[in-house]
Enquirer: 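Sharing a structure with you now.
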Amino acid sequence: MRDLKDWKGCPPPAPVALEGRTVRLEPYDRAKHLQAMWDAFGGMQINPLLKYFAQDDFTGIEGFDAWSEGVIKSGWVREVIIDKANDKVVGMAHYMRPDPANGVVEIGGIAHGGAMSRSPLSTEAQYLLAKHVFEDLGYRRYEWKCDNRNEPSKRTATRLGFTFEGVFRQHMLSKRENRDTAWFSIIDGEWPVVARAFDAWLSPDNFDADGQQKRKLEDIRAGLSA
């Protein structure tokens with residue numbers, strides 16, 4: 001258990017460059033990333049992709065741009081996910097709702113373009129984001145929240161090592177409807193095992209010649225926990 005008698009809080013998350021084996025994360029630059037991100041999300045296909053985001057559907061890149069500027073101004077820290085194999089934008093994620101005094105921050109506003117499907121890119125991106133929070137910034141709690149109807153997001157959270165904590169009923173409005181929100185978290189005491197599992201899963205030795213995983217992330221983590 002972490003000794004908190006001299007706790008002084010954490011620095012707020014700020015735009016940061018992070019690099020792994022397959023992906024690079026870099027701070028959002030409108031001039032550099034806006035069009036590339038719109039293209040990565042399939043243009044107007046962004047609306048079904050962001051089905052569970054709270055904002056109204058976009059009518060074009062101008063709406064996506066205005067929304068982006070608005071959420072960043074409100075405090076979301078956008079990280080752009082780059083595929084190192086071709087240096088192309090493939091997704092985004094945001095540090096959200098930081099509480100530096102208590103060492104709590106959320107990862108959210110996550111979207112992946114088609115190029116990230118069935119690849120280790122998204123897993124490594126999430127590992128880098130979590131590692132920065134726990135190991136560089138010293139946070140105690142890392143949160144994942146999603147619409148309770150969003151089954152893929154809930155499965156992803158569990159796969160990545162987040163623990164389900166419950167559902168907040170009518171937590172917020174999303175696309176002008178009530179949203180029940182499922183809450184997940186990783187806490188600092190769990191991070192060492194979660195991190196070791198990420199390292200083992202992401203190792204090139206865990207993939208065969210066709211790029212298929214040999215062991216599931218959940219199985220590796222369960223073995224380490226046991």
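Residue numbers count from 1 along this sequence.
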Enquirer: Are any non-hydrogen side-chain atoms of V89 and I82 less than 4.5 angstrom apart?
Expert: yes
Enquirer: At their closest point, which heavy atom of P120 faces which heavy atom of F207, and how far apart are they?
Expert: CB-CZ, 4.1 Å
Enquirer: Between Y142 and D188, is the side-chain hydrogen bond (donor to acceptor under 3.5 Å, both in side chains) condition met? List the steps.
Expert: CA-CA 8 Å; Y142 191 53; D188 53 359; over 6 Å; no
Enquirer: Any donor and acceptor pair, going by atom type alone, linking the side chain of K131 with main-chain N or O of A195 inside 3.5 Å?
Expert: no
Enquirer: State, without any angle test, whether W144 and T156 hold a side-chain donor-acceptor pair at a distance under 3.5 Å.
Expert: no
Enquirer: Show every salt bridge (charged side-chain N to carboxylate O under 4.0 Å, His left out) that has at least one partner inside residues 205-219, sequence neighbours left out.
Expert: none
Enquirer: Which pair of heavy atoms, one from V105 and one from P13, lies closest together, and at what distance?
Expert: CG2-CG, 3.9 Å
Enquirer: Compare every heavy atom of H33 with every heavy atom of P27, then report the nearest pair and how far apart it is.
Expert: O-CE1, 3.2 Å
Enquirer: Between M96 and I81, is there shared hydrophobic-cluster membership here, with clusters defined by ILVMFWY side-chain heavy atoms closer than 4.5 Å?
Expert: no
Enquirer: Sequence neighbours excluded, which residues qualify as salt bridge (Lys or Arg N to Asp or Glu O under 4.0 Å) partners of D87?
Expert: R24
Enquirer: Look only at the side chain of S185 and the backbone of I187, and say whether a donor-acceptor pair between them is shorter than 3.5 Å.
Expert: no
Enquirer: Quick one: closest heavy-atom pair of C146 and S153, and the distance?
Expert: CB-OG, 3.3 Å
Enquirer: Under a 4.0 Å threshold between the charged nitrogen and the carboxylate oxygen, would E177 count as salt-bridged to R149?
Expert: yes
Enquirer: Which heavy atom of R21 sits nearest to which heavy atom of L202, and what is that distance?
Expert: NH2-O, 3.2 Å
Enquirer: Within the side chain of E135, is there an N or O that forms a donor-acceptor pair under 3.5 Å with the backbone of H132?
Expert: no
Enquirer: For the ring pair F162 and F184, is the centre-to-centre distance below 6.0 Å?
Expert: no
Enquirer: Are L137 and F134 packed together at the side-chain level, in the sense that at least one heavy-atom pair is separated by less than 4.5 angstrom?
Expert: no
Enquirer: Give, for atom CD of E26 and atom CZ of R78, the distance between the pair rounded to the nearest 0.5 Å.
Expert: 13.0 Å
Enquirer: Could you walk me through whether I61 and Q35 pass the side-chain contact (heavy atoms from CB on, under 4.5 Å) check?
Expert: CA-CA 8 Å; I61 191 173; Q35 185 67 53; 3.4 Å; yes
Enquirer: Run the salt-bridge test on E143 and K145 with the 4.0 Å N-O cut-off and return the result as yes or no.
Expert: yes
Enquirer: Ignoring hydrogens and angles, tell me if any N or O in the side chain of H171 forms a donor-acceptor pair with the backbone of D180 under 3.5 Å.
Expert: no
Enquirer: With ring centroids as reference points, do F64 and F58 lie under 6.0 angstrom apart?
Expert: yes
Enquirer: Do you know the tightest heavy-atom contact between A111 and L50?
Expert: CB-CD2, 3.5 Å
Enquirer: F168 vs W183, test: ring-ring contact (aromatic ring centres under 6.0 Å, His included). Steps then yes/no.
Expert: CA-CA 8 Å; F168 281 42; W183 288 49; 4.1 Å; yes
Enquirer: Is it true that a side-chain atom of T158 and a backbone atom of K154 form a donor plus acceptor pair closer than 3.5 Å?
Expert: yes
Enquirer: Can you tell if the side chain of E19 reaches within under 4.5 Å of the side chain of K84, non-hydrogen atoms only?
Expert: yes
Enquirer: Under 3.5 Å, is there a donor-acceptor pair between the T22 and E124 side chains?
Expert: yes
Enquirer: Is the charged tip of R159 near the ring of W201: under 6.0 Å from the six-membered ring centre and within 45° of its axis?
Expert: yes
Enquirer: Do K51 and D147 sit within salt-bridge range, that is, some charged N less than 4.0 Å from a carboxylate O?
Expert: no
Enquirer: Against L34, only a single residue in D65, D39, D29 fulfils side chain to side chain contact (heavy atoms under 4.5 Å, CB included); can you say which?
Expert: D65
Enquirer: For Q55, is there any backbone N or O sitting under 3.5 Å from a side-chain donor or acceptor partner on K175?
Expert: yes
Enquirer: Does N102 use its side chain to pair, donor to acceptor, with the backbone of V104 at less than 3.5 Å?
Expert: no
